[in-house]
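Below you'll find the structure, written out as structure tokens, and then a few comments.
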Amino acid sequence: MTADPRAAADRRTFIPLDPSLAPPGTRAFRDAGGIPADQWHADQNGETLVPTHCCFCGVQCGMYLRVDRGGKVFGVEPRNHDINRMRLCPKGINAYQQVNHPDRLTAPLMRRSRDEEFREVSWEEALDFTVSEVKRIQQTYGNDAFGLLGGASLFSEKTYLVGKFARVALKSRHVDYNGRLCMVSAAGANKLAFGIDRAGNPFSDILLTDCLLIAGSNVGECFPVMTQYVWGARDRGATLIVVDPRETAIARTADIHVALKPGTDSAFFTSVLNVVIEEGLTDETFLADHATGWEELKAKAAEYPPSRAAAICGIPAEQIVQVARAFARAPKAMAWHARGIEHHSQGVENCLSVINLCTATGHIGKPGAGYGTITGQGNGQGGREHGQKSDLLPGGRSIMNEEHRRQICEIWGIEESELPPAGTSMMEMVWQMQRREIRGLIGICNNPFVSLPNYRVVKEGYDTTEFHAQFDFFLSETAANAHVVFPVTTWAEDEGVMANAEARVVKHNKAQDPPPGVRTDTWVICELARRLGAGDKFDFPDSRSVFDELRVASAGTVNDYYGITYERLEETGGIAWPCPTTDHPGTPRLFEDGKTYHPDGRIHLQVVEWHPPMDPYDDEHPMSLTTGRTVAHFLSGNQTRRLGALVEQTPRPWAEIHPSHGFRNGEPVRVVTRRGSEVFPALVTEAIRPDTVFVPYHWPVPTAANALTIDALDPRSKIPEYKVCACRIEHAERIDEVPAPPVAPGHVAYPETQVSRTDPLPPTAPQGRGTSERS
Amino acid sequence: MTEPSEASAVAEPPDPGDPPATPPPPTGPRSVTTRATLAGVAVSALLIVAIVLGSRMLRNFDSALLPYAVATVFLAFGVAYRYTVWISAPGARRLFKQGWRSLFSMENFRRAPTALPRMIATYLGFQKFLGARSHARWAAHQLIFWGCILAALITFPLTWGWFTFTSGTGSGPGYEMRIWGFKILGFDSLNLLGWLMFHGLDIAAVLVIPGASYFLWRRMKDRGAATGQRFAYDLVPLIALIVISVTGLLLTFSSVFLHGGGYQFLAILHMVSVVFTLIYIPFGKFFHIVQRPAAVGMQLFKYTGRKDDEVFACRRCEEPIDTGPYVENLRGTMRDLRLDFDSWAEYCPRCKRVLRGSAYLSHVKKGFK
Amino acid sequence: MMGRTIFIDPGRCIGCQACVSACRECDSHRGKSMIHLDYTDEGRSVASLPTVCMHCEDPVAPCAEVCPADAILVTADGVVQQADTTRCIGCSNCVNACPFGVPKIDLQAKLQMKCNLCYDRTAYGLAPMCATVCPTGALFYGTVEELQAERPGVQVADTFVFGETEVRTGVAMVVPAERVQWPVPGGLPVVEINGKDVRR
């Protein structure tokens with residue numbers, strides 16, 4: 001029974017008894033993906049719906065998980081939560097398939113050296129070994145020789161525990177998290193300008209705006225459900241301005257699409273400010289009442305006339321004028337940005353240049369007017385608030401501030417001398433690992449082998465560590481290189497809170513019990529702490545008890561969670577912090593009274609000077625490589641590369657190039673940077689600048705965009721410069737194949753989900769393969 | 001990849017019998033009804049004649065089974081009527097013709113003499129395609145299928161008086177079985193063969209009950225199956241099968257263990273359910289029993305096309321659509337139905353959508369305005 | 001003319017394929033996605049087109065008309081159902097006759113399958129899965145009035161033209177107000193194939 005006529009090369013001699021033919025796209029249902037397709041028949045009765053939120057991006061769409069009578073999650077149902085109003089993206093719809101996925105880790109894995117194979121061991125053995133290694137390394141090389149890396153897809157309770165565990169149980173200064181790779185530039189800029197680190201307005205304000213500027217955010221793919229707000233604004237007549245080197249789904253129909261050269265954002269925005277000033281479109285009253293540093297900024301903006309910026313950015317000068325007029329003349333205008341302007345060695349400056357523009361035009365703190373960053377990870381916002389960042393303590397307190405240190409020591413019940421000083425950022429920690437300054441590491445909820453830039457350096461750093469443990473529910477590429485792997489819960493097997501891109505704290509509910517052998521991250525952290533002798537500080541039976549301590553620890557700070565309780569979250573569907581008391585309604589919109597969180601209550605405008613990206617262009621490397629996400633996959637892909645439907649949608653990475661380079665669609669193209677080279681199938685499209693190459697980054701080596709990217713950091717936020725590095729493209733013989741996702745010894749990655757992984761062709765479009773390309 | 005384009009070159013319409021210029025034959029509702037009625041009457045009459053002759057001028061006819069025999073006559077009328085109506089619709093008529101044409105093509109028979117028997121065995125007998133839908137459904141359907149085949153083979157000739165079981169000694173144990181009066185075999189009702197002969201219907205019931213119960217259970221439970229299900233169409237046939245089988249078994253139970261207690265009532269209930277089912281066959285779900293063999297014709301038609309390497313490729317993307325004769329046949333059907341976009345059938349569904357999408361982009365709107 | 005139905009606006013579509021994944025979650029055909037998502041401007045832009053069954057009203061369901069087994073039923077409310085499992089013989093007539101390229105076929109199972117407007121949901125007043133989750137409203141389920149309340153000034157068209165033939169459908173497309181009188185082009189006659197002009 002062959003359905004594929006091409007398979008029957010010898011058709012003249014043999015015709016199958018069932019001779020049916022059907023055109024492509026009509027004959028197969030491969031997009032089903034296989035999990036858990038065999039048991040997929042829904043019963044008429046005995047099903048419960050557990051309200052929760054998606055585990056993926058910073059929009060935090062509400063969803064129901066369908067739980068069968070046996071207590072197993074088996075499906076998803078849209079939920080009319082006011083963030084997403086029943087809408088979901090393909091990742092969200094398929095998220096539930098992770099929960100009972102055959103690739104799940106269900107026993108701790110351990111080995112004494114990287115030469116050995118992993119073997120499944122008891123929790124006792126894995127915990128004991130880990131603790132003995134921590135003690136050995138710390139006793140030999142000092143407490144700071146052991147590091148901890150957290151993640152921003154953890155519930156806020158767990159991120160709080162990561163910070164507390166590093167400082168109180170490990171007593172090490174070296175703790176950081178993968179939000180460092182995400183939106184720390186925006187965080188830095190927000191702190192500098194406003195004294196508070198969060199988006200100024202809720203999503204719903206987008207519906208009220210007259211002009212929406214989106215910079216460096218492929219909203220249609222990375223935050224698909226947020227698109228409804230963008231389109232909602234346009235339905236009501238708003239102008240849409242998109243700043244992106246690629247013509248993304250939202251840029252395609254935008255009123256103005258500024259396809260600037262990667263790495264030139266601040267020059268563009270400062271030039272827009274220049275035009276705003278030149279044409280007298282500034283809001284002088286607002287500036288006089290609410291801002292400082294305006295004169296200095298004005299002087300700097302004068303250095304960026306449109307002609308200069310046009311040359312830097314590679315765009316027509318008129319477009320800058322057009323954007324300036326549209327944004328400044330709009331009664332209410334709003335700017336949102338994401339990684340596109342943040343992932344730069346001048347990420348903080350880029351964000352500041354947007355803040356400067358909003359402030360100069362008075363578009364701050366009003367319904368329909370304001371500024372925000374769209375966090376990429378589910379808890380990108382909450383994950384940075386409660387102390388897993390190297391320089392922060394719970395409640396957004398600074399670890400350098402004496403007063404803040406004292407407050408936290410009091411809450412934690414430790415001596416101030418015991419509290420370590422500030423540590424270093426994630427990438428810097430990897431460099432320290434390379435230099436043997438950090439000799440042991442525990443990683444929780446991250447996958448730096450795919451997500452950190454310059455893979456060679458990252459691999460070397462991790463390989464140099466004497467001991468490395470990793471928490472995960474699927475064996476990530478990083479975990480596969482560790483000594484100990486702790487199998488922990490997915491988001492649906494524990495409860496906790498996350499804060500979305502609007503700083504709205506939402507509650508995730510537990511939908512099913514973890515599979516046998518799996519423990520919650522909270523349990524593992526507390527158990528390790530107990531064995532390290534800090535058990536009294538880590539007596540947390542569940543998330544709720546952690547949250548209660550977190551509330552107290554954040555009380556009175558800018559990031560005040562004190563008024564937020566699980567009960568209130570369940571009643572309201574989410575509360576935006578600051579929320580100081582249990583009868584406080586939360587603060588969806590900031591700066592409504594024009595007051596910021598600086599002591600003087602003003603917006604501190606910052607002078608921004610553009611500089612070229614850190615990786616210089618030369619004759620060998622004349623083009624820009626930029627990286628990003630595709631709609632079917634999430635971050636390092638450890639979750640989404642195992643979900644059949646998403647693999648079918650986008651089986652592999654590609655190099656997106658302009659037709660002017662003479663490549664045919666699907667041809668192998670070698671992308672060469674100073675860090676290395678890899679071969680991808682070419683996706684030839686006019687929707688990208690001719691001088692730019694795009695590669696999505698969700699896949700591991702040898703198809704990892706991050707084997708090519710540069711590990712240059714922003715000096716302030718320490719964010720790596722993912723979004724631009726110098727490269728060239730060449731013809732190549734054959735493409736590099738996507739490896740199967742790692743699994744525990746004795747298993748294979750669930751085959752039905754991996755059918756299309758070796759497809760040599762690029763997807764039809766950046767969003768994936770059309771449905772007819774799947775059979 | 002080169003095959004389809006090559007093949008499309010040879011895809012000459014092989015069907016001169018149906019030139020597109022000729023108007024479709026008059027198939028107005030009146031004429032179809034008349035023809036169908038005539039067919040029904042003819043087939044019923046033939047059956048009556050066959051009953052009379054087969055039962056040796058009613059000598060072997062068991063008058064107790066009269067209601068059953070009458071029901072089969074109605075069944076014959078219904079099936080013939082419905083079949084004629086069905087086969088008069090352009091889609092079915094054309095495929096019907098093509099199927100027979102493929103079957104009676106001498107050349108075809110020479111080249112692949114085993115194709116048809118193999119298709120009948122895999123398709124109609126073992127129903128491999130049902131296994132692709134679900135293994136459980138395949139198993140349940142096989143139980144019902146073989147159960148019903150067995151029951152029909154036993155009961156139809158019995159009610160028509162074609163079979164007789166007679167015993168020289170009056171009440172056994174030696175019996176002989178006759179068809180149309182001719183002795184086929186003699187057996188002892190006490191040995192295994194005899195037991196099987198006398199309990200054939202019980203075996204059929206035992207096969208049908210679990211099969212039909214599984215389907216009934218599935219229809220109660222599975223949301224996929226329950227979507228759009230209609231009581232009369234989806235549930236009644238299953239209930240009827242179960243009632244027939246259960247009452248049939250109870251008849252045996254009654255005569256063996258209860259000395260005939262309740263036999264009369266059960267017999268009437270059984271008869272009513274059987275008569276109802278027989279009359280229902282042409283009008284409900286059971287009509288697929290009559291329709292399904294047509295699929296073999298369709299398969300043979302495509303098989304012949306493939307054998308001649310007549311694969312038709314999409315005009316735009318050059319991916320194979322189906323065999324050339326099939327596409328030509330479909331276009332004919334569409335023209336019969338006055339679906340005048342029949343040239344569209346030369347494009348694969350994806351290309352149809354893409355062409356429509358780009359027409360929308362260039363002629364209606366690109367984005368919001 | 002139109003009650004509650006799906007309205008398609010390719011101009012809003014971001015090609016994310018949430019509809020494709022959501023379709024698979026529908027209980028009436030769990031695990032199988034019936035929706036098509038095509039990138040219609042390949043190599044030039046990321047434009048995309050979702051295709052659900054258009055539920056043709058005039059002529060009533062060409063797929064059902066060409067079906068040799070009477071397997072495709074049209075409900076009283078105009079919903080063209082997917083093939084009846086007991087009748088469908090898997091001949092592909094509907095697949096290739098459908099002017100919109102909608103039906104799919106499982107060759108092994110000899111069974112056609114297609115969008116049935118999520119009959120298990122719409123029958124209970126819920127929106128179909130695809131239109132429920134669509135992040136952009138490119139697929140919208142409701143009445144024209146509800147659509148226009150959300151999107152002031154839009155119009156819908158439910159007539160497509162294929163060459164000389166017009167097909168009126170139960171599912172409609174969103175069109176600009178000035179285009180509402182014209183039928184939506186269905187793609188036939190074909191004017192260009194892969195960049196080559198094929199008009200003779």
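Lettering of chains follows the sequences in order, A, B, ..., and the numbering in each one begins at 1.
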Next on the checklist: Applying side chain to side chain contact (heavy atoms under 4.5 Å, CB included) to R246(A) and V46(C), what does each step give before you reach the verdict?
Outcome noted: CA-CA 10 Å; R246(A) 299 164 69 212; V46(C) 298; over 6 Å; no
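- Between D38(C) and R769(A) no salt bridge is recorded (no basic side-chain N to carboxylate O distance below 4.0 Å).
- The most heavy-atom pairs under 4.5 Å with chain A, out of K114(C), K110(C), Q112(C), come from K110(C).
- No donor-acceptor distance shorter than 3.5 angstrom exists from the side chain of Q649(A) to the backbone of V20(C), with no hydrogens or angles considered.
- At a 4.5 Å heavy-atom cutoff, D41(C) makes no contact with chain A through either its backbone or its side chain.
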Checklist entry - Taking it one step at a time, do E150(C) and R236(A) satisfy salt bridge (charged side-chain N to carboxylate O under 4.0 Å, His left out)? => result CA-CA 9 Å; E150(C) 280 204 17; R236(A) 288 158 182 80; over 6 Å; no
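- When heavy atoms are compared at a cutoff of 4.5 Å, C19(C) does not approach chain A at all.
- R24(C) and A645(A) get closest at one heavy-atom pair: NH1-CB, 2.8 Å.
- Counting heavy-atom pairs under 4.5 Å between each of N80(A), I250(A), I93(A) and chain C puts I93(A) at the top.
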Next on the checklist: For E773(A) and Y39(C): C-alpha separation, side-chain torsions, deciding distance, then whether side chain to side chain contact (heavy atoms under 4.5 Å, CB included) applies.
Outcome noted: CA-CA 11 Å; E773(A) 272 71 49; Y39(C) 299 98; 5.7 Å; no
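- Distance CZ/F223(A) to SG/C16(C): 14.0 Å, rounded to 0.5 Å.
- When all heavy atoms are compared, the tightest approach of I14(C) to T227(A) is CD1-OG1, 3.7 Å.
- Per-residue heavy-atom pair counts under 4.5 Å with chain A were compared for G11(C), P152(C), G15(C), and the maximum is reached by G15(C).
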Item to check | CA sep, side-chain torsions, deciding dist, call: D27(C), R66(A), side chain to side chain contact (heavy atoms under 4.5 Å, CB included) | outcome: CA-CA 12 Å; D27(C) 280 341; R66(A) 299 173 73 178; 2.9 Å; yes
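- Of all heavy-atom pairs spanning R252(A) and S45(C), the tightest one is CD-OG, 3.7 Å.
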